[in-house]
Amino acid sequence: KLEEASLVDALTGLGNLRRFAEECEREHRRAQRVWDSYAVARVDIENMAALNAKYGRSKGDSLLRVLGERLRASRRQYDIVARWDNDDFALLLPCIDRTAVQRVLERAALQAVEGAREAGFEIQLNVGVAVWTPPSADSATDVLQRASNALGLARQTAPGSVHVDLDG
């Protein structure tokens, strides 16, 4: 039970960063073996600090729970959704290619924003995505870093942006 608890985010019930990193390593090895692509996405709530200041921390926590549930509900059965840190979530999308990833993530973000609206919050999500496509020398850690960099570019572009890094 202790090991299980150390892999789950207490607030959202999603996997935590440690669990997500383990799943990424596992998926990377699988993708290399079967010569398949996958994607890692980072999802960030725009101006979460301002929302916490306006509504209070407990309302902010309820927003995180709503978003976690909506992201989980919008995924395919074998996708992984985790809480990365604070107001960030991460998604691992096995068996997805360059043409589908943006459409899938835009739909997931739209459903999450709609869930937040139903809960009384007007938010925007920034999404950074990295796609690993064979043959690639990138490691799972490299793909995670590319997704983080893509999230940074999405934040710089405009609130509510999706940036996809296809260089892997």
Show, in sequence, the C-alpha distance, side-chain angles and deciding distance for V164 and R98, and conclude whether the side-chain contact (heavy atoms from CB on, under 4.5 Å) test is met.
CA-CA 9 Å; V164 181; R98 297 165 182 245; over 6 Å; no
Could you check whether any side-chain heavy atom of L67 comes within less than 4.5 Å of a side-chain heavy atom of V43, counting everything from C-beta outward?
no
Qualifying residues under side chain to side chain donor-acceptor pair (under 3.5 Å), relative to E25, sequence neighbours excluded:
none
Any link between V129 and L153 through a network of hydrophobic side chains (Ile, Leu, Val, Met, Phe, Trp, Tyr) touching at under 4.5 Å?
no
Rounded to the nearest 0.5 Å, how far apart are CG of L14 and CG of L7?
13.0 Å
Got a sec, which residues hit ring pair (Phe, Tyr, Trp, His ring centres under 6.0 Å) with H28, two or more places apart in sequence or on another chain?
Y38, W132
Looking only at heavy atoms, which two atoms of I96 and V101 are closest? And how far apart?
CD1-CA, 3.7 Å
Does any non-hydrogen side-chain atom of L144 lie less than 4.5 Å from one of C24?
yes
In Å, rounded to the nearest 0.5 Å, how long is the span from CD of E27 to CG of L93?
9.5 Å
Return the set of residues passing side chain to side chain donor-acceptor pair (under 3.5 Å) with S74 (not counting sequence neighbours), or none when no residue passes.
none
Could you pull out the closest heavy-atom pair between N16 and A82, with the gap in Å?
O-CB, 4.0 Å
Residue pairs passing the side chain to side chain donor-acceptor pair (under 3.5 Å) test where at least one lies in residues 75-95, sequence neighbours excluded
D9-R83, R42-D88, R76-Y78, R76-D79
Inter-residue atom distance L125.CG - E106.CD, 0.5 Å rounding
12.0 Å
Give me the atom names and distance for the closest heavy-atom approach of W35 to P135.
CH2-CB, 3.4 Å
For E46, salt bridge (charged side-chain N to carboxylate O under 4.0 Å, His left out) partners two or more places apart:
none
Give, for atom CG of L64 and atom CG of L51, the distance between the pair rounded to the nearest 0.5 Å.
9.5 Å
Output all residues satisfying side-chain contact (heavy atoms from CB on, under 4.5 Å) with D36, sequence neighbours left out; order by chain, then residue number.
R30, V34, C95
Assess whether a salt bridge exists between E22 and R26, defined as any Lys/Arg side-chain N lying under 4.0 Å from an Asp/Glu carboxylate O.
no
A116 and V66 have their tightest heavy-atom pair at N-CG1, 4.0 Å
Does anything in residues 120-134 pair up under salt bridge (Lys or Arg N to Asp or Glu O under 4.0 Å), and if so which pairs, sequence neighbours excluded?
R117-E122
Is the shortest side-chain heavy-atom distance between R72 and T12 below 4.5 Å?
no
We want to know whether D61 and S58 form a side-chain donor-acceptor pair, criterion being a heavy-atom distance below 3.5 angstrom.
no
Minimal non-hydrogen separation, P159 against Q124, with atom names:
CB-OE1, 2.8 Å
I'd like to know if L151 and L71 are part of one continuous hydrophobic network [Ile/Leu/Val/Met/Phe/Trp/Tyr, side-chain heavy atoms within less than 4.5 Å].
no
Listed once per pair and sorted, the ring-ring contact (aromatic ring centres under 6.0 Å, His included) pairs that draw on residues 40-75, sequence neighbours left out
Y55-F121
Whether the side chain of D142 engages the backbone of S139 through a donor-acceptor N/O pair (distance < 3.5 Å, no angle test) should be reported.
yes
Holding to side chain to side chain donor-acceptor pair (under 3.5 Å), I want the full list of residues that pass it with R65, two or more places apart in sequence or in another chain.
none
Under the 3.5 angstrom rule, does the side chain of R146 hit a backbone N or O of D165 as a donor-acceptor pair?
yes
List the steps, then state whether side-chain contact (heavy atoms from CB on, under 4.5 Å) holds for L110 with E114.
CA-CA 6 Å; L110 185 64; E114 181 59 32; 5.8 Å; no
Interatomic distance, R19 atom CZ to I80 atom CD1 [nearest 0.5 angstrom]
5.0 Å
Sequence neighbours excluded - side chain to side chain donor-acceptor pair (under 3.5 Å) pairs with any residue from residues 152-162:
D44-R155
side-chain contact (heavy atoms from CB on, under 4.5 Å) filter on D97, not counting sequence neighbours, yields S37, T99, A100
Any side-chain heavy-atom pair from T141 and Q145 closer than 4.5 angstrom?
no
Before you tell me yes or no, could you show the steps for F20 and V40 under side-chain contact (heavy atoms from CB on, under 4.5 Å), namely the whole-Å CA-CA distance, both residues' side-chain angles and the distance that decides it to 0.1 Å?
CA-CA 10 Å; F20 189 77; V40 172; 4.0 Å; yes
Distance from H163 atom NE2 to Q102 atom CD, nearest 0.5 Å?
9.5 Å
Which heavy atom of R70 sits nearest a heavy atom of E118, and at what distance?
NH2-OE1, 2.6 Å
Partner residues of S62 under the side chain to side chain donor-acceptor pair (under 3.5 Å) criterion, sequence neighbours left out
none
